[in-house]
Colleague: 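Structure provided below as structure tokens; questions to follow.
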Protein chains: 2
Amino acid sequence: MPKSGSGHVATSSSRDQERLVAGLVNALQDRISEGDIKIGSWIRQERIAQEYGVSRTPVREALRQLEALGVVEMVANRGARVTLPSVRAITEAFEVRGVLEGHAACLAARNITQAQLDVLHEMNGIFREAVRYARAGDEESLAKARTLWYRANDTFHATIVAACGNRQLQLTLETLHHRMPRNLSWTALNGDPRLLGENADEHAQIATAIDGRDGELARQHVMHHSRRAQELILLRFEDVPPEP
Amino acid sequence: MPKSGSGHVATSSSRDQERLVAGLVNALQDRISEGDIKIGSWIRQERIAQEYGVSRTPVREALRQLEALGVVEMVANRGARVTLPSVRAITEAFEVRGVLEGHAACLAARNITQAQLDVLHEMNGIFREAVRYARAGDEESLAKARTLWYRANDTFHATIVAACGNRQLQLTLETLHHRMPRNLSWTALNGDPRLLGENADEHAQIATAIDGRDGELARQHVMHHSRRAQELILLRFEDVPPEP
DNA sequence: TCGTAGCATATTGGATCCAATTTGGCGAGA
DNA sequence: TCTCGCCAAATTGGATCCAATATGCTACGA
């Protein structure tokens with residue numbers, strides 16, 4: 001719940017006041033990711049300014065950054081709204097993501113540390129746990145599964161990308177990631193135990209390939225994983241466009 | 001020379017006044033690309049504002065966008081300066097570029113139109129012409145070679161990326177491209193007829209592979225081409241860091 | 001001569017002000 | 001009742017103002 005009016009953007013006491021804009025960018029990005037600011041909704045400068053206790057000037061600069069990052073669109077004299085990516089854009093982004101993350105995995109097979117490998121295996125355990133919860137079927141277990149899978153998925157992919165050692169690759173993937181609605185992948189899996197199990201298997205294969213230091217195999221698995229996610233998302237949205 | 005004070009940013013008469021910021025972003029990006037604003041130099045808001053006859057507000061927003069794009073760095077209370085990428089960043093970016101453009105070529109082999117293919121072949125002709133000029137050796141011919149190669153190279157790569165049909169891929173490559181000093185590749189080739197010839201051969205191989213609709217071969221050639229460029233650049237900068 | 005304190009200047013950062021544009025509602029007329 | 005046009009409110013865009021901060025120069029003292 002990062003929306004409360006007292007949500008400080010930066011430690012105002014310290015000298016980093018000028019990270020104000022950067023802080024706003026992060027805060028807004030988080031709120032968009034978490035669904036606190038909905039996709040397609042307008043962002044009112046005055047409102048944001050009041051919520052963070054600043055004037056519109058830094059808010060506008062933050063919005064400009066988000067615009068450059070492709071997170072929001074700014075319309076003439078109308079304001080900024082969270083970009084609603086088209087089905088096509090999502091498809092294309094997933095293709096790019098697959099290629100890039102595949103390459104990251106390939107590099108990671110060479111450069112990964114033991115600690116990072118441990119993280120991957122740990123996440124695999126969590127994926128399995130999430131599958132078990134999902135099999136229970138009741139609402140609460142499903143929510144638990146969602147939370148577990150979410151964190152594990154984020155950590156898993158972030159670890160691989162960090163382990164590849166190429167910072168430009170990491171940055172590129174991050175911006176690509178920020179452009180997409182965050183819950184896309186989970187929405188596609190939709191808590192289906194069967195799909196979740198499949199998904200866990202894919203992650204396990206990737207981790208095993210990296211652990212075995214087989215870069216090309218890791219790439220193959222990641223690309224397959226990405227393509228599979230893309231298929232599921234398309235399947236889910238082919239009649240139902242993302243949002244009103 | 002797009003620096004003159006009368007350099008309009010947008011057609012002020014029309015309704016697209018609010019493209020002011022976007023116009024500034026483009027204008028500044030161009031000036032940086034062309035070396036009119038040097039790498040590592042500070043960009044004074046007031047100066048830019050006066051040059052384009054606007055206030056500092058839109059200039060600052062434009063700078064924020066450029067910051068988000070990684071083109072400039074903004075330092076607390078000091079201002080914005082054109083980012084000087086480290087040798088490592090350049091190396092890494094070239095690796096990403098190779099992967100991405102390789103994939104673009106692979107897709108282009110499927111999707112390219114005849115008109116685009118014609119452009120590729122035409123550019124190959126220009127590369128050859130540039131090689132001939134470079135062989136002459138005198139200053140004037142070299143400048144001619146440079147101009148020809150420059151345009152042809154831009155067009156060649158842009159055509160492939162446009163032909164791949166994946167707009168997200170195109171956008172990603174463009175931002176990656178904008179982060180690098182533009183004359184890097186030419187600096188690496190340095191007007192050396194031998195290297196230029198080699199370079200022209202590489203381009204020809206790529207075009208041939210795409211023409212033959214062999215996506216994987218095209219990918220291989222592009223990645224080799226990119227790796228080669230990377231090698232030359234590293235060779236050139238291994239003792240001489242890019243700029244003071 | 002060298003180093004340092006302190007002040008003047010340049011420059012940025014944020015807030016505020018005003019104009020321009022869009023939106024939505026309300027009423028007049030068909 | 002429906003449509004068109006006009007006006008008021010909301011919102012953005014750009015300019016300007018003032019405070020905060022960094023830089024560079026100068027003068028003073030060791």
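Remember, predicted model here, so these are calculated numbers, not experimental data. The chains referred to below are lettered A, B, ... by the order of the sequence lines, with proteins before strands, and numbering in each begins at 1.
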Colleague: In terms of heavy-atom contacts, does CZ of A/Arg179 have more than 12 from other residues, nucleotides or ligands at under 6.0 Å?
Modeller: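 Atom CZ in A/Arg179 is packed in, count exceeds 12.
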Colleague: Rounding to an integer number of Å, can you tell me how far B/Ile43 CD1 sits from C/dA10 C1'?
Modeller: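 Going from B/Ile43 (CD1) to C/dA10 (C1'), I get 17 Å.
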Colleague: Under a 4.0 Å N-O cut-off, is there an ion pair linking B/Arg182 with B/Glu34?
Modeller: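 Salt bridge between B/Arg182 and B/Glu34, a charged N being under 4.0 Å from a carboxylate O: no.
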Colleague: May I have the distance from A/Leu20 (atom CG) to D/dA20 (atom C1'), rounded to whole angstrom?
Modeller: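 Atom-to-atom, A/Leu20 to D/dA20, this comes out as 13 Å.
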Colleague: Restricting to salt bridge (Lys or Arg N to Asp or Glu O under 4.0 Å), what partner residues turn up for B/Glu231, sequence neighbours left out?
Modeller: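 B/Arg228.
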Colleague: Would you say the ring centers of A/His157 and A/His225 fall short of 6.0 Å from each other?
Modeller: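 Yes: the rings meet the under 6.0 Å criterion.
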Colleague: Just how far, in rounded Å, is C1' of D/dA10 from CG of A/Asn77?
Modeller: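 Rounding to the nearest Å, CG of A/Asn77 and C1' of D/dA10 are 12 Å apart.
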Colleague: Considering just the side-chain nitrogens and oxygens of A/Ser55, establish if one lies under 4.0 Å of OP1 or OP2 belonging to C/dA15.
Modeller: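 A/Ser55 to C/dA15 OP1/OP2: side-chain N or O found under 4.0 Å.
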Colleague: Using atom CD of A/Glu46 as one end and atom P of D/dG13 as the other, report the distance to the nearest whole Å.
Modeller: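 Value for this atom pair: 14 Å.
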Colleague: Answer yes or no: does a side-chain N or O of B/Gln45 lie under 4.0 Å from OP1 or OP2 of C/dA10?
Modeller: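 Checking C/dA10 against B/Gln45, no side-chain N or O comes under 4.0 Å of OP1 or OP2.
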Colleague: Both B/Arg44 and B/Arg60 contact DNA chain C. Taking the nearest nucleotide for each, which residue is further toward the 5' end?
Modeller: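 Here B/Arg44 is the residue nearer the 5' end.
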Colleague: Hey, what do you get for CG (B/Leu176) to CG (A/Leu169), rounding to the nearest 0.5 Å?
Modeller: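 Separation between the atoms: 9.5 Å.
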Colleague: Grab the CZ-P distance between A/Arg81 and C/dT23 for me, whole Å please.
Modeller: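 These atoms are roughly 11 Å apart.
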Colleague: Starting from P on D/dA15, measure out to CD on A/Glu61 and report it in whole angstrom.
Modeller: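 Result: 14 Å.
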Colleague: B/Met74 has an atom CE; how far is it from atom P of D/dA22, in whole Å?
Modeller: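 For the pair B/Met74 CE and D/dA22 P, the rounded distance is 15 Å.
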Colleague: Which residue, B/Arg56 or A/Arg56, contacts DNA chain C at a nucleotide closer to its 5' end, judged by nearest heavy atom?
Modeller: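 Result: B/Arg56.
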Colleague: Which listed nucleotide (D/dA22, C/dG14, D/dG14) is nearest to the side chain of B/Arg64?
Modeller: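 Nearest to the side chain of B/Arg64 among the choices is C/dG14.
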Colleague: May I ask you to verify whether the side chain of A/Arg78 and the base of D/dG13 hold a donor-acceptor pair under 3.5 Å?
Modeller: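 Under the 3.5 Å cut-off, the side chain and the base do not form any donor-acceptor pair.
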Colleague: In whole Å, what is the span from the CD1 atom of A/Ile48 to the P atom of D/dT12?
Modeller: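 So the two atoms are 10 Å apart, to the nearest Å.
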Colleague: Under 4.0 Å between any heavy atoms, over every strand shown, what does B/Leu63 touch: base, sugar-phosphate, or nothing? Just pick one.
Modeller: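 The answer is nothing, as B/Leu63 stays clear of every strand by at least 4.0 Å.
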